[in-house]
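All remarks here apply to the structure that follows.
It should be emphasised that the depicted structure is a prediction, and the values quoted were computed from it without experimental measurement.
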Amino acid sequence: FKQVNPQWTIVPNAGVIMGSYKAEFYTGATPNVLTYSDSYKTTTFWAGLGAHYTPVTNILAVCEGGFGYNTSKYEYKPVVGTSGSDKINFLTFPYLKIGFEGQVFDWLDIRGGATSYWQRASQDFDPNPNGIKYKYNYPDNATYLGAGLHFGNLHIDTYTNPQILLNGFNFVSGASTSLN
């Protein structure tokens with residue numbers, strides 16, 4: 001974190017996640033015979049730059065922008081038959097995140113935020129006798145609304161579906177909106 005002044009703090013971040021598994025599946029009968037195996041590998045990395053802004057006491061606004069990349073591969077290998085694989089890549093450029101938290105009363109904080117991930121994905125199969133390859137470009141947007149309640153040492157955090165502000169409760173609007 002780099003504190004520029006008492007109101008602004010710059011927050012660079014980056015990360016890498018790697019994972020894999022391999023599993024073998026057997027008949028479960030006697031004798032126990034291997035029928036197929038599958039494996040999954042994934043690698044994700046991202047980098048972003050964020051900022052914390054505190055205009056006054058007990059008010060915090062945050063924002064972040066960056067990019068990310070994920071590649072995943074699933075392989076299926078039967079003992080008898082044709083092996084196959086499914087490979088998918090996601091490029092997220094840019095991603096944007098904003099949020100705020102503020103104290104309303106000594107016992108109540110409200111918070112809200114939004115995220116936008118601009119995704120570019122491609123998916124490829126092997127074997128692929130028809131040469132089919134999928135490509136997707138889409139935004140993945142979400143909004144968040146919540147509150148924090150403080151009663152002595154008891155702290156309760158809540159989350160509300162923001163669509164409830166637009167649709168109201170089901171008995172008022174007829175829209176299918178839940179509280180979670």
Side-chain angles (χ1 to χ4, degrees), residues 1-2 10-52 62-99 101 111-146 148 155-164 166-167 170 175-180:
F1 291 23
K2 169 69 174 147
I10 303 299
V11 184
N13 68 81
V16 175
I17 299 172
M18 294 184 289
S20 66
Y21 83 81
K22 184 174 182 177
E24 295 179 338
F25 297 89
Y26 294 84
T27 59
T30 304
N32 211 1
V33 178
L34 177 67
T35 57
Y36 70 94
S37 66
D38 64 6
S39 63
Y40 178 78
K41 293 181 182 180
T42 186
T43 302
T44 302
F45 64 87
W46 73 91
L49 183 63
H52 293 181
V62 296
C63 65
E64 180 184 354
F67 72 93
Y69 181 78
N70 170 269
T71 182
S72 299
K73 186 175 185 179
Y74 170 77
E75 293 182 297
Y76 171 79
K77 295 180 183 175
V79 172
V80 176
T82 305
S83 296
S85 69
D86 182 7
K87 185 174 182 182
I88 189 163
N89 298 312
F90 284 96
L91 172 65
T92 303
F93 183 73
Y95 72 77
L96 306 168
K97 300 177 183 182
I98 59 169
E101 181 175 63
R111 62 182 68 95
T115 59
S116 183
Y117 296 88
W118 295 29
Q119 305 277 14
R120 292 177 191 97
S122 65
Q123 189 172 15
D124 198 5
F125 306 96
D126 184 28
N128 192 350
N130 298 323
I132 297 172
K133 185 172 184 175
Y134 295 104
K135 290 188 177 186
Y136 312 94
N137 293 312
Y138 59 94
D140 185 9
N141 302 318
T143 54
Y144 305 92
L145 183 63
H155 297 271
I156 301 171
D157 284 320
T158 66
Y159 168 77
T160 302
N161 183 342
Q163 289 298 314
I164 206 162
L166 299 174
N167 297 336
N170 192 16
S176 178
T177 302
S178 63
L179 289 174
N180 58 5

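Residue pairs meeting the salt bridge (charged side-chain N to carboxylate O under 4.0 Å, His left out) criterion with at least one partner in residues 112-129, sequence neighbours excluded, do not occur; the list is empty. Every pair passing salt bridge (charged side-chain N to carboxylate O under 4.0 Å, His left out) that includes a residue from residues 66-80 is listed here, sequence neighbours excluded: Lys73-Glu75.
At a threshold of 4.5 Å between non-hydrogen side-chain atoms, the residues Asp86 and Gln123 count as touching. Contact annotation: the side chain of Phe67 never approaches that of Trp118 to less than 4.5 Å [non-hydrogen atoms, C-beta and beyond]. Between Tyr144 and Thr115 the shortest side-chain heavy-atom distance falls below 4.5 Å. Considering only heavy atoms from C-beta on, Tyr74 comes within 4.5 Å of Asp38 through its side chain. Two residues are said to be in side-chain contact when any heavy atoms from C-beta on lie closer than 4.5 Å; Glu64 and Tyr95 meet this criterion. Between Lys97 and Tyr117 there is a side-chain heavy-atom pair separated by less than 4.5 Å.
Counting all heavy atoms, side chain and backbone alike, Gln119 lies closest to Thr92 at OE1-OG1, 2.7 Å. When all heavy atoms of Gly148 and Asp157 are compared, the pair lying nearest together is CA-OD1, 3.9 Å. For Leu34 against Glu24, the heavy-atom pair with the smallest separation is CD1-CB, 3.7 Å. The two atoms that bring Pro78 and Gly81 nearest to each other are CG-C, 3.8 Å, heavy atoms only. Taking both residues in full, the closest heavy atoms of Cys63 and Ile98 are given as CB-CG2, 4.1 Å, listed atom of the first, atom of the second, then distance. Here the shortest heavy-atom pairing between Thr82 and Pro127 reads CG2-CG, 4.0 Å.
In this view, Asn32 satisfies the side-chain hydrogen bond (donor to acceptor under 3.5 Å, both in side chains) rule with no residue, not counting sequence neighbours. Shown here are the side-chain hydrogen bond (donor to acceptor under 3.5 Å, both in side chains) partners of Asn89, two or more places apart in sequence or in another chain: Tyr69, Thr71. In this view, Ser85 satisfies the side-chain hydrogen bond (donor to acceptor under 3.5 Å, both in side chains) rule with no residue, not counting sequence neighbours.
For the residue pair Trp46 / Asn70, no side-chain donor-acceptor distance below 3.5 Å is found, with atom types taken as modelled.
Here the side chain of Ser72 pairs no donor or acceptor atom with the backbone of Thr42 at under 3.5 angstrom.
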Extract all donor-acceptor atom pairs below 3.5 Å that involve side chains of residues 135-143 and protein atoms in other chains or at least two apart in sequence.
unit_1, atom_1, unit_2, atom_2, d
Asn141, OD1, Ser116, OG, 2.6

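Atom OG1 in Thr43 sits 9.0 Å away from atom CZ in Phe45 (nearest 0.5 Å).
The aromatic rings of Tyr36 and Tyr76 sit tilted, their planes meeting at an angle between 30° and 60°.
The environment of CZ in Phe1 is sparse: at most 12 heavy-atom neighbours from other residues, nucleotides or ligands sit within 6.0 Å.
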